[in-house]
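Just below is one structure, and these are the notes that go with it.
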Amino acid sequence: MSPEFHTERLYLRPFVENDSAYLLDLDSDPEVMRFITRGKVSSQRDIELTTERILKVQSENPGYGSWMCFSRENPAEFIGWYILRPNPAKDVEVGYRLKKKFWGKGLASEGSRRLLNYGFHEKKLKKVFAITEPDHVVSQKILMKLGLKFIDTRPYEHLMLGKISVNYYECTADEYAQAHIKKPPHI
Ligand SMILES: CC(C)(COP(=O)(O)OP(=O)(O)OC[C@H]1O[C@@H](n2cnc3c(N)ncnc32)[C@H](O)[C@@H]1OP(=O)(O)O)[C@@H](O)C(=O)NCCC(=O)NCCS
């Protein structure tokens with residue numbers, strides 16, 4: 001079982017099957033989906049398939065997967081999700097998706113940093129990667145702030161869109177330690 005986490009403003013707990021309704025709520029906003037599916041919202045069937053994939057990844061990779069995020073101030077308030085999960089090649093990806101009302105407050109960085117601290121310090125990962133659409137400047141800014149470096153733009157097989165190009169970012173454990181040496185990790 002994956003751990004749960006608290007940060008200054010966030011409570012993160014591992015995804016469970018009953019969380020599908022939160023996924024549907026989040027993916028129903030075309031603005032949230034702009035850089036994921038070019039704005040196409042998810043159907044109930046898409047969410048069922050996503051739920052199956054998340055649960056499969058979590059059962060095959062204990063300690064990794066998707067974390068659902070809630071406000072510490074108002075625990076009933078669903079904010080979005082974060083991932084720290086291996087792809088089929090076992091490279092570990094970091095990612096995030098938040099409801100629009102919570103954008104612009106530094107929460108993507110806050111939750112991701114907690115998962116990266118866990119990944120590098122507790123799971124002793126050697127490397128973490130992330131991908132974004134090439135014109136998703138906000139996400140790219142977050143990744144660089146977290147300590148990831150732009151590697152290249154490469155082809156990617158998107159589940160819904162087919163072949164697209166993505167920007168690929170990476171951070172080694174040493175680079176992460178360097179990036180945060182003057183800034184103690186925000187827990
Ligand atoms: C992308 C997303 C996670 C950002 O979340 P967020 O909580 O608003 O991000 P943060 O506040 O942590 O950081 C955003 C940074 O981008 C900056 N920013 C915001 N708008 C910007 C713009 N138009 N151009 C450049 N920088 C911008 C902010 O100033 C901030 O940087 P700072 O901390 O140095 O001030 C959120 O918009 C989201 O969930 N979008 C939908 C899903 C998605 O696209 N996920 C990522 C897929 S790769």
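Note that ligands are numbered from 1 as they come in the structure, with each ligand's atoms numbered from 1 the same way. None of the values given here were measured: they were computed from a predicted structure.
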### Query
Can you find an N or O of Arg97 that's nearer than 3.5 Å to an N or O of ligand 1?
no
#### Entry: Shortest protein contact, atom 12 (O) of ligand 1 (heavy atom only)
Ser109 OG, 2.7 Å
## Note on the structure
Note: ligand 1 atoms sitting under 4.0 Å from heavy atoms of Ile131 are 48 (S)
### Task
Starting from atom 22 (C) of ligand 1, locate the nearest protein heavy atom and write down its residue, its atom name and how far away it is, to 0.1 Å.
Val138 CG2, 3.7 Å
### Query
Does Glu17 CD have over 12 foreign heavy atoms under 6.0 Å away?
no
#### Entry: Check: Asp46/Ser43 side-chain N/O donor and acceptor closer than 3.5 Å
yes
## Note on the structure
When every non-hydrogen atom of Tyr64 is compared with those of Leu125, the smallest separation belongs to OH-CD2, 3.3 Å
### Task
Might you point out which heavy atoms bring Ser139 and Tyr96 nearest each other, and give the distance in Å?
OG-OH, 2.8 Å
### Message
How far is atom 36 (C) of ligand 1 from the closest protein heavy atom, and which atom is that?
### Response
Trp103 NE1, 3.3 Å
### Message
Any nitrogen or oxygen of Gly106 lying under 3.5 Å from a nitrogen or oxygen in ligand 1? Just yes or no.
### Response
yes
### Query
Quick one: nearest non-hydrogen protein atom to atom 35 (O) of ligand 1, plus distance?
Lys141 NZ, 4.5 Å
### Message
Taking the side chain as everything from C-beta on, heavy atoms only, tell me whether Phe70 gets closer than 4.5 Å to Glu77.
### Response
no
### Task
Compute the shortest N/O to N/O distance between Thr132 and ligand 1 and return yes if it is under 3.5 Å, no if not.
no
### Query
Can any side-chain N or O of Asn61 pair as donor or acceptor with the backbone N or O of Val57 at less than 3.5 Å?
yes
#### Entry: Region of His136 engaging ligand 1 - heavy atom pairs below 4.0 Å
side chain
### Query
Relative to each other, are the rings of Tyr156 and His158 parallel, tilted or perpendicular (30° and 60° limits)?
perpendicular
### Message
Only heavy atoms of Tyr96, strictly under 4.0 Å: list the atoms of ligand 1 that pass.
### Response
3 (C), 45 (N), 46 (C)
### Task
Look only at interatomic distance and state if Gly104 has a nitrogen or oxygen under 3.5 Å from any nitrogen or oxygen of ligand 1.
yes
### Task
Give a yes or no on whether the backbone of Pro86 and the side-chain of Glu93 come within a donor-acceptor separation of less than 3.5 Å.
no
#### Entry: Residue and atom name of the nearest protein heavy atom (relative to atom 5 (O) of ligand 1), distance in Å to one decimal
Ala108 CB, 3.3 Å
### Query
Does the protein put any heavy atom within less than 4.0 Å of atom 30 (C) of ligand 1?
no
#### Entry: Geometric class of the Trp67/Phe5 ring pair [parallel <30°, tilted 30-60°, perpendicular >60°]
tilted
### Query
Among side-chain atoms of Thr132 and Tyr168, is any donor-acceptor pair under 3.5 angstrom?
no
### Message
Return the closest protein heavy atom for atom 39 (O) of ligand 1 as residue, atom name and distance.
### Response
Leu98 N, 2.7 Å
### Task
Number the atoms of ligand 1 from 1 as they appear, then name those within less than 4.0 Å of a heavy atom of Lys105, with their elements.
11 (O)
### Query
Is ligand 1 under 4.0 Å from a heavy atom in the side chain of Lys145, in the backbone, in both, or in neither?
side chain
#### Entry: Closest to atom 4 (C) of ligand 1 (judged by heavy-atom distance), picking from Leu26, Ile142, Leu107, Val32
Ile142
### Summary
for atom 24 (N) of ligand 1, nearest protein heavy atom and its distance come out as Val137 CG2, 3.9 Å
### Query
Are side-chain N/O atoms of Thr153 and Ser165 paired as donor and acceptor at under 3.5 Å?
no
### Task
Write out the residue and atom name of the closest protein heavy atom to atom 48 (S) of ligand 1, then the distance separating them to 0.1 Å.
Ser139 OG, 3.4 Å
### Query
Taking the six-membered ring for Trp, are His136 and Phe35 parallel (under 30°), tilted (30 to 60°) or perpendicular (over 60°)?
parallel
